[in-house]
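Here the structure is a predicted model, which means the values were calculated and not measured. Residue numbers run from 1 in the order of the sequence given.
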Amino acid sequence: MRRQEVDSDSDGLIKRWVEQDTGVFVQDQAAITEEIYRLREERNAILLVHNYQPAEIQDIADLTGDSLELSRAAATMDADVIVFCGVDFMAETAAILSPEKTVLLPAEDACCPMAQMITAEELRLVKSRHPDAAVVCYVNTTADVKAESDICCTSSNAVKVVNSLEEEEIIFVPDQNLGRYAQRFTKKRILPWEGFCIVHDRITPADVQNARKAHPGAEVLVHPECRPEVIDLADHVASTSGIIKHVCSSGAREFIIGTEVGILHRLTKDCPGKQCFPLSSVAICRNMKKTDLGKVRDALVTLRPRITVPDDVAARARKAIVRMLEI
Ligand code: 13P
Ligand code: SF4
């Protein structure tokens, strides 16, 4: 068998390559993981990992969670460095909440397309047309949009946040599906922006019908970023961590999971004895999959790519996020 190990050194990053039987050289994953653990100690770093991240990234996390849990951790966990394994708005939120910490996003180009669907300028225009309305922004927004908002929300607290406000009219950005979901539980008038998640919006009622046929008796759980007609067919609607909690505590044994497929790794680990099937096998967020072990290791070595937010924007955005965390 042809196998050899080779070390290369580029930009001060020593990489160990292992030759496969096919003759292709790949980086030695076990060696990278060991290096990550060592660097994590040296840097006094924590790894915050979203529930949609690749399995091998979830497995090295200090905390795996949904957007709300990870925001809380970013604000409270003791560390000099936060390695945020997720997408841009999540790392930005961590940088806003912990400006004294070095916040790294290992996959620099991991962005959330929904967060790009509204700009601060567009939001200012809507606000000028509805001067008495409060602005609730989903955490999946840029720091500039958060800075224009009264309060932030995540998928796990959107209803609570909306109902906590005095105003009767609510501008809700950017996810129309989450805004319409919150409308089901409030007498307030929600004005949803027309953004959407390109992953969840792809899930159809036919997917639910087909999955129910394939797994009769299974509970259908979906994320509130799904379309209203999909939500209508579900048994339970929750954030990613809400879905995990529900599967673990439910008496049922089989579940159809209507969100990004990365969550299935955590479900397998956290809920042994339960069987989970994806509602849609194409519900894959490519941006969430851009993180890999090599990028995490490189970020810990170089302390780059670092995410920072200008002080004036951060100060205004922080108010909206902190107001949410206080609820
Ligand atoms: P959470 O339910 O984890 O907050 O998720 C949402 C999401 O889509 C992150 O992009
Ligand atoms: Fe954005 Fe949707 Fe991906 Fe979440 S799953 S990061 S909302 S594109």
Side-chain angles (χ1 to χ4, degrees), residues 49-59 61 64-69 85-87 112-114 138 140 154-156 158-159 175-185 195-292:
V49 175
H50 189 265
N51 290 325
Y52 296 157
Q53 285 285 291
E56 64 277 17
I57 304 296
Q58 294 192 28
D59 289 344
T64 311
D66 68 5
S67 309
L68 184 62
E69 291 167 332
C85 300
V87 290
C112 170
M114 172 159 50
Y138 192 22
N140 301 39
T154 72
S155 60
S156 64
V159 174
D175 187 5
Q176 56 179 305
N177 290 335
L178 183 60
R180 296 206 165 103
Y181 177 69
Q183 183 67 81
R184 297 176 186 223
F185 303 96
F196 57 91
C197 164
I198 57 171
V199 177
H200 290 86
D201 202 66
R202 219 184 262 157
I203 299 174
T204 64
D207 290 330
V208 181
Q209 284 145 5
N210 292 338
R212 281 206 193 270
K213 253 185 233 153
H215 307 288
E219 277 188 32
V220 175
L221 315 182
V222 304
H223 195 276
E225 285 177 13
C226 289
R227 293 184 195 187
E229 56 271 30
V230 170
I231 286 179
D232 285 342
L233 298 178
D235 298 312
H236 189 71
V237 182
S239 74
T240 54
S241 289
I243 288 175
I244 294 164
K245 279 182 202 123
H246 183 91
V247 170
C248 289
S249 62
S250 166
R253 308 225 51 85
E254 291 194 347
F255 304 85
I256 295 160
I257 306 295
T259 190
E260 210 273 346
V261 296
I263 195 174
L264 293 164
H265 181 64
R266 245 199 97 184
L267 285 165
T268 308
K269 274 171 73 173
D270 289 15
C271 318
K274 305 288 173 89
Q275 262 209 299
C276 296
F277 309 97
L279 175 50
S280 162
S281 54
V282 295
I284 299 169
C285 178
R286 305 213 174 278
N287 284 286
M288 282 284 182
K289 307 304 181 216
K290 288 181 177 172
T291 320
D292 63 33

Under 3.5 Å, is there a donor on one side chain and an acceptor on the other for His215 and Gln275? no
With sequence neighbours left out, which residue pairs that include part of residues 234-243 fulfil the salt bridge (Lys or Arg N to Asp or Glu O under 4.0 Å) condition? Arg212-Asp235
Determine whether a donor-acceptor pair (N or O, by modelled atom type, separation under 3.5 Å) exists between the side chain of Gln58 and the backbone of Asn51. yes
CD on Glu225 to OG on Ser239, rounded to 0.5 Å: 10.5 Å
Do Glu260 side-chain atoms and Cys285 backbone N/O form a donor-acceptor pair below 3.5 Å? yes
Answer whether the closest heavy-atom distance between the side chains of Val222 and Ile203 falls below 4.5 Å. no
Could you pull out all residues at least two apart from Arg253 that satisfy side-chain hydrogen bond (donor to acceptor under 3.5 Å, both in side chains)? none
Between Lys274 and Ser250, is there a donor-acceptor pair closer than 3.5 Å when you use the side chain of the first and the backbone of the second? yes
Is the closest side-chain heavy-atom distance between Tyr138 and Ser155 below 4.5 Å? yes
Kindly say whether His50 contributes a backbone atom to a donor-acceptor pair with the side chain of Gln53 at under 3.5 angstrom? no
Pair listing, salt bridge (Lys or Arg N to Asp or Glu O under 4.0 Å) test, anchored in residues 196-210, at least two apart: Asp201-Arg227
For the residue pair Thr154 / Ser156, report whether a side-chain donor-acceptor contact shorter than 3.5 Å exists. yes
Return yes if a side-chain donor-acceptor contact under 3.5 Å exists between Thr259 and Tyr52, otherwise no. yes
Using 4.0 Å as the upper bound for N to carboxylate O, is an ion pair formed by Arg184 and Asp232? yes
Counting C-beta onward and ignoring hydrogens, is there a side-chain heavy-atom pair between Ile257 and Val247 closer than 4.5 Å? yes
